[in-house]
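Have a look at the structure below before the remarks.
Naming: A, B, ... by sequence-line order, numbering from 1 per chain.
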Amino acid sequence: MKRILHIIVLINLIGCDFKNKKVSDELSDKVDIPSYTFQEFAPMLQTKSDTLFVVNFWATWCEPCIEELPAFEAINQEYKNQKFKMLLVSLDFNKQKEKKLIPFIINHHLKAKVLHLNDPDANAWIEKVDANWSGSIPATLVFTKNKRVFFEQSFTKEQLKNIIDNF
Amino acid sequence: MKKKIIYSLGLLLSILLFTSNQPIASGYGIGDIATDFNLKNTDGKMVSLKDYKDAKGFIVIFTCNHCPYAIAYEDRIIALDKKYKSKGYPVIAINPNNPEKQPKDSYDLMQVRAKEKGFTFPYLLDEGQKIYPQYGATKTPHVFVLEKTSKGNVIQYIGAIDDNYEEPKAVKVKYVEDAIDALLKKKDVVVKTTKAIGCSIKV
């Protein structure tokens, strides 16, 4: 009797896993997040236009990063009709992209542009983003064609708005 | 004039606001003498660097239970201890996080993890978070290689374990191993500092 019970539980668990996989396959068909090496990504950290860029480095496993995302989303909405662009750069592990990153974006209804930086030799590129960056996240780079400031910290909506308005 | 005052006050306020969260850029540099400590291990005993009379140096690694980077490096940390403890460089792991801010890094869960993974090295809690700021650890994992000298324990390498956090098989450069191999041969460490992505320390 006990053995039959174990088998039934096992079948349910396996079935559960298949069901989740199918759902996330369907969802990931609809959400495509490009992955870049740093070399491919680097040109996005420069601009010759009049646009102000806010580039946030985060990951689904980084709790302070997740806590500040609503602030970034709200700012993105507020400034979207101005010369403004926001990039949310995920540093999630490559093997977590389908399992964690894409479901996260869907479940949190993220509207800002998300891209995935897939370059594990971080020592080679951390200082190319900013010479003083220790590598910890969250971190945010704000830049225009004339000015560039890097922040190794979390932001509230008010703090971020202040930076943008006074940039 | 009023507008100028208001603008200046606004600027001052925004400076104060955005600097309030800045991390303290301090801690050891290469060549500094590292402080000893007296921290509790997962077996309940207190551990200090001075307990290790025969060590030639130490691989001090600030790491924790919950951070995916730390977890990705666990097997490699165990391998470092296996390779270098007998050569005089044991691993000393320290959890720098505040368990009240991050319950997954509690002392109890440290004990569970140490047992599960069969840690062969001390896994100490930085109770009161007084040690990691002296070292200048900014994330987990963060490595400090110390060499015992007549002046004290000298910092000879700071940074990442290797150049690929995600795939151990794709590692091309093993920074910590290279540093210790050089020290064992009484040669200069070539790559003395590296940077890595990791989880911020929970204060």
- Item | Proximity of A/F104 and A/W58 rings by center, below 6.0 Å | yes
- What part of B/A170 is in contact with chain A, defined as an atom under 4.5 angstrom from a non-hydrogen atom: side chain, backbone, both or neither? neither
- Item | Engaged part of A/P64 at the chain B interface, taking heavy atoms whose separation is under 4.5 Å | side chain
- Does the pair B/D105/B/K202 count as a salt bridge with the N-to-O cut at 4.0 Å? no
- Task: Look at B/K172, B/K139, B/E166 and state which one has the largest set of heavy-atom pairs under 4.5 Å with chain A.
- Result: B/E166
- Query: Using non-hydrogen atoms only, which part of A/D165 is less than 4.5 Å away from chain B: side chain, backbone, both, or neither?
  - Reply: neither
- For the ring pair B/Y73 and B/Y69, is the centre-to-centre distance below 6.0 Å? no
- Message: Ring centroids only, cut at 6.0 angstrom: are B/Y165 and A/F93 within range, meaning strictly under it?
- Response: yes
- Pairs of heavy atoms under 4.5 Å with chain B: top-ranked of A/I137, A/D119, A/I126, A/L91: A/I126
- Message: Given heavy-atom pairs under 4.5 angstrom as the criterion, report whether the side chain, backbone, both or neither of B/E167 touches chain A.
- Response: neither
- Of the backbone (N, CA, C, O) and the side chain (C-beta and beyond), which part of A/W125 lies under 4.5 Å from a heavy atom of chain B, both, or neither? side chain
- Counting heavy-atom pairs under 4.5 Å to chain B, which of A/C62, A/A139, A/A122, A/S136 comes out on top? A/S136
- Note on the structure: So, the part of B/A160 with a heavy atom under 4.5 Å from chain A: the answer is neither
- Message: Tell me if the aromatic rings of B/F144 and B/Y135 count as close, with their centers under 6.0 Å from one another.
- Response: yes
- Item | When B/G198, B/A72, B/S200 are compared by non-hydrogen pairs under 4.5 Å with chain A, the top option | B/G198
- Item | Max heavy-atom pair count under 4.5 Å with chain A, selected residue of B/P68, B/C67, B/C199 | B/P68
- Query: How many angstroms lie between atom CG of A/L110 and atom CD1 of A/I102, to the nearest 0.5 angstrom?
  - Reply: 12.0 Å
- Query: When you check the gap from the basic side-chain N to the acidic O, do B/K40 and B/E127 get nearer than 4.0 Å?
  - Reply: no
- Establish, yes or no, whether the cationic atom of B/K56 lies under 6.0 Å from the six-membered ring centre of B/Y89 and within 45° of the ring axis. no
